[in-house]
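Below is one structure, written out as structure tokens; comments come after it.
Source: prediction; values computed, not measured. Atom set for the values below is all heavy atoms of this structure, side chains included, hydrogens, waters and symmetry mates excluded.
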Amino acid sequence: MPILPDWINFSFPTKIHFEVDCGFKMGNFIKNIGNRAVILSTQSELENMDEFSIIKTSLEKHIDGVILYDNIEKEPTLKELDTAAYFARISNANCIIGYGSYESLNMAKLVALLASNDAFAEDVFILKKNIRLKKPIPLILIPTHPVMGLECSPTATVYMDDDRTVRYYSNEFLFPEMVIADAKISSFMTSADVAKVGVGILAAAVDSILSKYSNEITNSSSLRAIEIIYKNLVPAIRDPKNLQYKNAIFGASLLVGMSHSSSSLGLCYALSLAASNLTNLDVFQAMSILLPHVMEYNLTSSAGKYVMIAKALDEDITNISVIEAAIKAVEGIRKIYIELKIPQRLSEYEVRKIDLPGIASLASSFPFLDSLPRELPKNEIETILVAAF
């Protein structure tokens, strides 16, 4: 399911500024994009207010108007998206700034598109009516921590108003104009936060490599991201205040986003998105639990790609067969889990066995499964979940 036209092997239009402690410069960057900004953040993700204050002060020095819109508590309903878009319109905003984590950045992408189009969220994102969309209001995203490359990819999740079931939406118009990655903003993260985010990036990188739409360019980005996570994740967990290691993890996330923007996320993300929607897991925890099990399922169909992953994990694969080298890739992932003491079972997070069919059903509705290297019937999705239980 390539988001871009299938004749394009790689395209990444987003500008990136990647620097530690650049909050005081952000107004200077953003003034070239727009001079009336609405900052969007959910209440639950409006974190590190000291850094946020520095960013807002910088914006106020360089542009004409800055308004914080934080009326939404957690993931927005369709009606809340419509309200936020209306607010952006009547504010005469000519740029949208998303500040926060997974839900805030998703919301900012969707609102930037809605605000420039005379349409309702349900019509565009759920019913997908044949509406001729205009380009969104220019969008700048400032992640408070890495979100597996989703901070710079043209994808978002939305929720049905009636039952809060998650839906997936992708469009070239969701590419942000700019992403500003500043590891200092993430200083609030604990060692546990760093662990689950880092392994989430690792899982997204593997998903992108396994996609049948991957190529030499996308694989290069994802493999480099795996190398960076492998070398920096443990030091970052041991010393969560060390910005050098965190900065590397931010960089790995951006590389993965560049990759799966032209390739695709896959089974691990589909299962994780469904699991986080139907249980108390968040998407990062689900990615970390499910990654080894998804890798084991795809091992024989993607052995050559697993050899590349094993090399990125610094596994010794000399003088062994391709399948043995592929197994080394899975073993390399499990070694990281053992060292970090990361749970490898859904049951360790109080997921119930009765939840598994629902997770499998929802996961099978996402378009990611079109990118898999082998056909995946619904009953086999359940088999993977049972193995991970």
With heavy-atom distances below 4.5 Å as the criterion, would you say the side chains of Q285 and D282 are in contact?
yes
Does the side chain to side chain contact (heavy atoms under 4.5 Å, CB included) test come out yes or no for R224 and L255, once each step is laid out?
CA-CA 8 Å; R224 179 58 182 150; L255 285 168; 3.7 Å; yes
Mark yes when over 12 heavy atoms from residues, nucleotides or ligands other than N280 sit less than 6.0 Å from its CG; otherwise mark no.
no
Report yes if some heavy atom in the side chain of E315 is under 4.5 Å from a heavy atom in the side chain of I309; otherwise report no.
no
Within a 6.0 Å radius of atom CZ on F389, are there more than 12 heavy atoms belonging to other residues, nucleotides or ligands?
yes
For Y269 and Y168, take the angle between the two ring planes, folded into 0 to 90°, and tell me which bin it lands in: parallel under 30, tilted 30 to 60, perpendicular over 60.
perpendicular
Side chain to side chain donor-acceptor pair (under 3.5 Å) partners of R334, counting only residues at least two apart:
E296, Q344
Could you go through V294 and N298, starting from their C-alpha distance and side-chain angles, then the distance that decides it, and tell me whether this counts as side chain to side chain contact (heavy atoms under 4.5 Å, CB included)?
CA-CA 6 Å; V294 169; N298 285 312; 3.7 Å; yes
Candidates E103, E80, R164 - the one meeting side-chain hydrogen bond (donor to acceptor under 3.5 Å, both in side chains) with Y159
E103
What residues, two or more places apart in sequence or in another chain, satisfy side chain to side chain donor-acceptor pair (under 3.5 Å) together with D316?
T318
Restricting to ring pair (Phe, Tyr, Trp, His ring centres under 6.0 Å), what partner residues turn up for F366, sequence neighbours left out?
none
Not counting sequence neighbours, which residues clear side chain to side chain donor-acceptor pair (under 3.5 Å) with E382? List them please.
none
Can you check side chain to side chain contact (heavy atoms under 4.5 Å, CB included) on L281 and I289, steps first, answer last?
CA-CA 10 Å; L281 284 170; I289 294 169; 4.0 Å; yes
Using the side chain to side chain donor-acceptor pair (under 3.5 Å) criterion, which residues pair with E60? Sequence neighbours excluded.
K56
Here the gap from F52 atom CZ to L46 atom CG, rounded to the nearest 0.5 Å, amounts to 5.5 Å
Show, in sequence, the C-alpha distance, side-chain angles and deciding distance for L133 and N171, and conclude whether the side chain to side chain contact (heavy atoms under 4.5 Å, CB included) test is met.
CA-CA 10 Å; L133 294 172; N171 191 300; 3.9 Å; yes
Any pair with a residue in residues 270-296 that passes ring-ring contact (aromatic ring centres under 6.0 Å, His included), sequence neighbours left out, goes on the list, sorted by first then second residue, please.
H145-F284
